[in-house]
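The next block holds one structure in the form of C-alpha cells; read it before the comments.
When reading the values below, keep in mind they use all heavy atoms of this one structure, side chains included, and skip hydrogens, waters and symmetry mates.
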Amino acid sequence: MAAFGLARNSCGLINGLRVSYRSLVQVKYGAKSACLLQTNIQSDCRWYSVSHLSVKERIEKKRKAAQMGGGQKRIDAQHQRGKLTARERVELLLDPESFVETDMFVEHRCSDFGMEQDANKFPGDSVVTGRGRINGRLVYVFSQIMDQALTVGAPVIGLNDSGGARIQEGVESLAGYADIFLVHPSDLPHHGSLCILTHLMLCLQDTSYLFITGPDVVKSVTNEDVTQEELGGAKTHTAVSGVAHRAFENDVEALLYLRDFFNFLPLSNQDPAPIRECQDPSDRLVKSLDTVVPFESTKAYDMLDIIHAIVDEGDFFEIMPTYAKNIVVGFARMNGRTVGIVGNQPKVASGCLDINSSVKGARFVRFCDAFNIPIITFVDVPGFLPGTAQEYGGIIRHGAKLLFAFAEATVPKITIITRKAYGGAYDVMSSKHLRGDMNYAWPTAEVAVMGAKGAVQIIFRGKENQAEAEAEYVEKFANPFPAAVRGFVDDIIEPATTRKRICRDLEVLASKKQVNPWKKHANIPL
C-alpha cells in the first residue's frame, strides 16, 4: 500500500507542476523543447500506472493459485480418496459467505533440497487460515491464526490432513511446533503428540491415521508387524487409546457434528455457558423414570434412558461413546442452558469405575469447569473395578484424577444417585464431600461402604444365619436414609420430578461464585 500510495502521489505532483514547467521551458528553450519535456513527464506517469496494473495482475494470479491449492490434479486425487479439500471443508463448516481468509500469500522460506524452486512453492503454504461464523458465532479456522483468536476470545478449529512436519526445513519446523505449544496449547488439533492437547478430536474411518512413529519405524525398532490401521487408525484411537473422541464415515458427517458441538460451547472461558430459547417445559414431569430402575439391584439398565428423558427435547450430545463405555459423558441443555452430563453406565461392567473411565470422566469434568458449564452427575456405581490389571495400571492414581476434577470444579454441580453409591467410588462421583451444590437420591438409592452381600460376608464371617444378617444390613444401610440423615444428600426425590428439580436449581445456581485458594497451578495426580 505504501508503494502504491507513493506512485499515485508522485504522478499527482508531476501533473500539478506540468503547467509551471511548460511555461518555464517555453520562455527559456522554446515550444519544441517544452513539448519534449512534457512527453517525458507523461512517460513517467505511464510507467507508474503500468507498474500498478502489473502488481494487480500478479495479486489476482497468486490469489487464484492459492484457491486451487496444489492444482486440479491434486484436488482430483483428494476427491478420489473420498476426502474434501481444505477449502471445501471450510466452506461446509462455516456459515455461507462468512469466511474471511488471512495469510493467503504466505510461502515457505526453505531453500534446501530443491525447495526453493517455484514448483515447490504454493501461496498459503498449503494451509488455509482465517475466520468465519457458525450459526452467527465467531470462530477462527486454523492454522497460525491462534494469536488473533486468543486476542478476541474466540475458539479455533483445525481441519488437519497432513503428513507432518516438513523434513526439508529441519529444526525450523520444530521451532514452529514449540510456538504452537506456547501460543494456545488447548485449542490446536495438529500432528501426533499435539493432537491430545485439543478439546475435541474427530477422525475419519479408513482414512485417518495418527501415531508418533509409523509402522516402518515400529518394525525396525521392535520387529513388530503392524498396519497403519492397527497402529493408529480411527478404531484404535476411538475405542482403545482414547486419543480421538469420535470417528465418521466421511468429511461431511464430521463437519456437521462439529457444528453441533460448537453450539453447546461459549466462545471463550470468559463467557457464560450459552442459553437458547426452550420449548420443553422446565417443570415437565417424567413418569417413565419411576420405573426405569429395576427392582432387582443386580439387574442392569441403560443410563442413557434416564438422560434422554430428562434433558431438553431428549437431545444428548455424547462425547467418546465407544471408549470406556462404563461411563457416559456429553452435553445437553436444561431449560435452554448448556450443561455437561456425567453418568455411570450399569450396562457395561455394572458401572464400575476403572482406569479409562476415570480419565475420561476427569477430562470432561475439567473441560466443563474451564468453560463455565454446569455439571449434572447421575450415580450408579458399585465401586472401583478390582483386579491385578487395574492395580498394576495405577487405578489409585487414575481414579484420583476424577476425584480431583470434581473437587476442583467451581461451576454449579448437581448430583442424582439413582441406585448404587458404594465405597470410595461414591465419594468420587461428585458427592457432597467434594463440594456438590445439590445432591439428591432416588428412593432406589443405596449409599453404603459396599454391597450388602459382601459386607455381611466380612462382618459375619464364620457365623450362621448369613441370610438374616444380610437382610438386616440392607434394612440399615442399603437405602438412602443414612445419607439423608447425615446431610450427605439434600433430599430424597421422586424420579419423575428430577427434571423439574434440576432446572430450578440451575436457575438459582446461575449466580454461583466460588473461588479456589490461590496457587500457581493445581497438582492433579497425572
For [X] and [Y], indicate whether the former's side chain and the latter's backbone hold a donor-acceptor pair under 3.5 Å.
| X | Y | value |
| --- | --- | --- |
| N439 | S430 | yes |
| D280 | E313 | yes |
| N372 | A273 | no |
| T377 | M429 | no |
| N326 | L353 | no |
| K360 | M320 | yes |

When rounded to the nearest 0.5 angstrom, what distance separates [atom1] in [X] from [atom2] in [Y]?
| X | Y | atom1 | atom2 | answer |
| --- | --- | --- | --- | --- |
| D251 | L93 | CG | CG | 11.0 Å |
| L94 | L255 | CG | CG | 9.5 Å |
| T236 | Q228 | OG1 | CD | 11.5 Å |
| L265 | C368 | CG | SG | 9.0 Å |
| L506 | I275 | CG | CD1 | 9.5 Å |
| D505 | K413 | CG | NZ | 14.5 Å |

Can you pull the side-chain hydrogen bond (donor to acceptor under 3.5 Å, both in side chains) pairs that have at least one residue in residues 385-400, sequence neighbours excluded?
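Every side-chain hydrogen bond (donor to acceptor under 3.5 Å, both in side chains) pair that includes a residue of residues 385-400, provided the two are not neighbours, is H398-K401.
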
Test: side-chain hydrogen bond (donor to acceptor under 3.5 Å, both in side chains). Region: residues 330-353. Which pairs qualify, not counting sequence neighbours?
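Every pair satisfying side-chain hydrogen bond (donor to acceptor under 3.5 Å, both in side chains) with a residue in residues 330-353: D302-Q345.
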
What residues, two or more places apart in sequence or in another chain, satisfy salt bridge (Lys or Arg N to Asp or Glu O under 4.0 Å) together with [X]?
| X | result |
| --- | --- |
| D225 | K219 |
| R246 | none |
| E408 | R366 |
| R137 | none |

Side-chain donor-acceptor contacts of residues 379-387 below 3.5 Å, not counting sequence neighbours, with atom names and distances?
from, atom 1, to, atom 2, distance (Å)
D380, OD1, K420, N, 3.1
D380, OD2, Y301, OH, 2.7
D380, OD2, R419, NE, 3.1

Which is it for I375 and F406 under the side chain to side chain contact (heavy atoms under 4.5 Å, CB included) test, yes or no, and what are the steps along the way?
CA-CA 9 Å; I375 302 169; F406 272 123; 4.0 Å; yes

Qualifying salt bridge (Lys or Arg N to Asp or Glu O under 4.0 Å) pairs with a residue from residues 228-238, counting only residues at least two apart or across chains:
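Qualifying pairs, neighbours excluded: none.
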
Only pairs at least two apart or in different chains count here, so list each salt bridge (Lys or Arg N to Asp or Glu O under 4.0 Å) that has a residue in residues 262-279.
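Pairs touching residues 262-279 that pass the test: none.
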
Which of parallel (below 30°), tilted (30 to 60°) and perpendicular (above 60°) describes F367 and F261?
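Geometry flag for F261 against F367: tilted rings.
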
Using the ring-ring contact (aromatic ring centres under 6.0 Å, His included) rule, collect all pairs that involve residues 220-259, keeping only residues at least two apart or in two chains.
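Pairs touching residues 220-259 that pass the test: F248-Y257, Y257-F317.
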
Around atom [atom1] of [X], are there more than 12 heavy atoms of other residues, nucleotides or ligands at under 6.0 Å?
| X | atom1 | result |
| --- | --- | --- |
| Q514 | CD | yes |
| I396 | CD1 | no |
| K299 | NZ | no |

Taking R259 first and then D95, would you say they form a salt bridge - that is, a charged N and a carboxylate O separated by under 4.0 Å?
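Judged by the 4.0 Å cut-off on N to carboxylate O distance, R259 and D95 do form a salt bridge.
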
Do [X] and [Y] come within less than 4.5 Å of each other through their side chains, counting heavy atoms only?
| X | Y | result |
| --- | --- | --- |
| V90 | E101 | no |
| F364 | I327 | no |
| R89 | L258 | no |

Which residues pass the side-chain contact (heavy atoms from CB on, under 4.5 Å) test with A309, not counting sequence neighbours?
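V286, S288, L289.
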
Mind listing the closest non-hydrogen atom pair of [X] and [Y] along with its distance?
| X | Y | answer |
| --- | --- | --- |
| A244 | C203 | CB-SG, 3.9 Å |
| Y323 | T238 | CB-O, 3.2 Å |
| I373 | P266 | CD1-CD, 4.3 Å |
| A362 | A405 | O-CB, 3.7 Å |
| G394 | I355 | N-CD1, 4.1 Å |
| H79 | K83 | CD2-O, 3.3 Å |

Sequence neighbours left out, cut at 3.5 Å: what donor-acceptor pairs do the side chains of residues 207-215 make with other protein atoms?
from, atom 1, to, atom 2, distance (Å)
S208, OG, L204, N, 2.7
S208, OG, L204, O, 3.3
Y209, OH, D206, O, 2.9

Give the C-alpha distance, both sets of side-chain angles, the deciding distance and a yes or no for side chain to side chain contact (heavy atoms under 4.5 Å, CB included) between M334 and I414.
CA-CA 12 Å; M334 296 294 290; I414 301 172; over 6 Å; no

Full working for side chain to side chain contact (heavy atoms under 4.5 Å, CB included) between L267 and F262:
CA-CA 9 Å; L267 291 181; F262 182 78; 3.8 Å; yes

Apply the test salt bridge (charged side-chain N to carboxylate O under 4.0 Å, His left out) to residues R499 and D312: give CA-CA distance (whole Å), side-chain angles for both, the deciding distance (0.1 Å), then the verdict.
CA-CA 9 Å; R499 172 178 167 83; D312 290 356; 2.9 Å; yes

Before giving the answer on side chain to side chain contact (heavy atoms under 4.5 Å, CB included), spell out for I310 and I341 the whole-Å C-alpha distance, their side-chain angles and the decisive distance to 0.1 Å.
CA-CA 11 Å; I310 289 176; I341 291 181; over 6 Å; no

F264 ring center within less than 6.0 Å of F371 ring center:
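F371 vs F264: aromatic centres not under 6.0 Å.
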
